[in-house]
Amino acid sequence: FGLVGLNGAGKTSLIKAALSLLEAEKGEVRFFGVSHLQPESRQKVAYLPEHLAPQGQMRGVEFLRFALGLHGLALDRPAADRIAAAIDLDCRKLDQRISSYSKGMGQKLGLLATLLSDCPLLLLDEPMNGLDPRARILLKTQMQAYRARGHSIFLSSHILTDLDELCDRIAVLHGGRLLFTGTPQSLRELHGEATIERAFLAAIVGDV
């Protein structure tokens, strides 16, 4: 499920409110039937924020142990090395301090942690942030494989073509309201546009 909107539309705020990282003015979110106001609602959810900033003095493998420990999991190093390679992260970097990482490597480390969690639901806020084209393609392959195992992924992104390729359903958030929820194809058909970008633009312009 993809969430799309202009900068400032409220995508990150919505995700944070769902996770009780921000206090919602009204309404309720339920994860697997449990209210987001209950801490246990997040037991089956792994979250990757838009701007991940782990402690630079930690080594990559230490961050993975910490992140997986939050889910009561131990690190499977062979699995970590395998998935790291699959998203174009040199597994040797996991033994180095995070302060030596580039922005893209830091993003891959966060993605690696969420994928290793094997949680039924991933919440990914701008997961392609800082990735080069090769890494984006490889990550999309891993996300599709994750979904094929029966899991769900909720992601926000400014890259509409990625959402068109990955998502079964999307939502357009604009001016604090959901203007559309449905398949990418139905959004294109609704506005008579050939591309998802043009359809998105038509949706928000029509709301002005």
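Treat the numbers as computed from the prediction; the structure is a model and nothing was measured. Residues take their numbers from the sequence shown, with the count starting at 1.
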Return the CD1 to CG distance between Ile159 and Leu166, rounded to the nearest 0.5 Å. 10.0 Å
side-chain contact (heavy atoms from CB on, under 4.5 Å) filter on Arg59, not counting sequence neighbours, yields Val61, Glu62, Arg97
Hydrophobic cluster membership, Phe154 vs Leu163, 4.5 Å side-chain cutoff: no
May I ask you to test the Ile15-Glu50 pair for a side-chain heavy-atom distance under 4.5 Å? no
Can you pull the salt bridge (Lys or Arg N to Asp or Glu O under 4.0 Å) pairs that have at least one residue in residues 98-114, sequence neighbours excluded? Asp88-Lys108
For Val34, the other hydrophobic cluster members (4.5 Å side-chain criterion, sorted by chain and number) are none
Any salt bridge (Lys or Arg N to Asp or Glu O under 4.0 Å) pairs touching residues 32-49, not counting sequence neighbours? none
Would you call Arg92 and Asp90 a salt bridge, using N to O less than 4.0 angstrom? yes
Once you round to the nearest 0.5 Å, how far does CG of Leu112 lie from CD1 of Ile87? 5.0 Å
Nearest 0.5 Å, please: how far is CZ in Arg65 from CG in Leu94? 10.0 Å
Spell out, yes or no, whether Leu6 and Ile170 are grouped together once hydrophobic residues are joined by side-chain heavy atoms under 4.5 Å, including indirect joins. yes
Do the non-hydrogen side-chain atoms of Leu131 and Leu138 ever get within less than 4.5 Å of each other? no
Membership question, hydrophobic clusters at under 4.5 Å side-chain separation (ILVMFWY): are Leu3 and Leu160 in the same one? no
Minimum heavy-atom distance Ile98-Leu109, with the two atoms named: CD1-CD2, 3.7 Å
Should His158 and Asn129 be marked as a side chain to side chain donor-acceptor pair (under 3.5 Å) after you check the CA-CA gap, both sets of side-chain angles, and the distance that decides it? CA-CA 9 Å; His158 290 104; Asn129 196 10; over 6 Å; no
Indicate yes or no: at least one non-hydrogen side-chain atom of Ser117 is less than 4.5 angstrom from one of Leu122. yes
Verify the cluster assignment for Leu179 and Leu14: are they in a single hydrophobic cluster under the rule of side-chain heavy atoms below 4.5 Å apart? no
Nearest non-hydrogen partners of Phe63 and Ala113, listed with the distance: CE2-CB, 4.0 Å
Beyond-backbone contact of Val29 with Leu19, side-chain heavy atoms, under 4.5 angstrom: no
Can you list the residues that meet the side-chain contact (heavy atoms from CB on, under 4.5 Å) rule with Ser100, with sequence neighbours excluded? Lys93, Gln96
Nearest 0.5 Å please: distance from the CD1 atom of Ile204 over to the NE2 atom of His174. 5.0 Å
List the residues meeting side-chain contact (heavy atoms from CB on, under 4.5 Å) with Ile137, not counting sequence neighbours, and say none if there are none. none
Flag the pair Lys140 / Met128 as yes when at least one side-chain heavy-atom distance between them is below 4.5 Å, and no otherwise. yes
So the ring pair (Phe, Tyr, Trp, His ring centres under 6.0 Å) pairs with at least one residue in residues 20-55 (sequence neighbours excluded) are none
Same apolar cluster: Leu123 and Leu116, side chain cutoff 4.5 Å: no
Rounded to the nearest 0.5 Å, what's the gap from OG on Ser99 to CD on Gln55? Could you check? 8.5 Å
Would you list the atom pairs, donor with acceptor, under 3.5 Å between side chains in residues 66-80 and any protein atom, with sequence neighbours excluded?
| unit_1 | atom_1 | unit_2 | atom_2 | d |
| --- | --- | --- | --- | --- |
| Asp76 | OD1 | Ala79 | N | 3.2 |
| Arg77 | NE | Asp81 | OD1 | 2.7 |
| Arg77 | NH1 | Asp95 | OD1 | 3.1 |
| Arg77 | NH2 | Cys91 | O | 3.3 |
| Arg77 | NH2 | Asp95 | OD2 | 3.1 |

State which residues pass side chain to side chain donor-acceptor pair (under 3.5 Å) with Arg136; sequence neighbours excluded, sorted by chain then number. Asp162
Only pairs under 3.5 Å count here: list side-chain donor-acceptor contacts from residues 181-201, not counting sequence neighbours, and write none if there are none.
| unit_1 | atom_1 | unit_2 | atom_2 | d |
| --- | --- | --- | --- | --- |
| Thr183 | OG1 | Ser186 | N | 3.0 |
| Thr183 | OG1 | Ser186 | OG | 3.0 |
| Gln185 | NE2 | Glu189 | OE2 | 2.8 |
| Ser186 | OG | Thr183 | N | 3.1 |
| Ser186 | OG | Thr183 | O | 2.7 |
| Arg188 | NH1 | Asp164 | OD1 | 2.7 |
| Arg188 | NH1 | Asp164 | OD2 | 3.0 |
| Thr195 | OG1 | Arg198 | N | 3.2 |

Does the side chain of Ser157 come within less than 4.5 Å of Glu126's, by heavy atoms? yes
Got Gln142 and Leu111 here, is their nearest side-chain heavy-atom distance under 4.5 Å? no
With sequence neighbours excluded, what pairs up with Arg149 under the side-chain contact (heavy atoms from CB on, under 4.5 Å) test? Asp118, Tyr146, His151
Identify the heavy atoms of Leu178 and Ala171 that sit nearest to each other, and give their distance. CD2-CB, 3.9 Å
What is the distance from atom CG of Leu139 to atom CG of Leu89, rounded to the nearest 0.5 Å? 12.0 Å
Write out all pairs satisfying side-chain hydrogen bond (donor to acceptor under 3.5 Å, both in side chains) with one or both partners inside residues 10-25, taking only residues at least two apart or from two chains. Thr12-Asp125
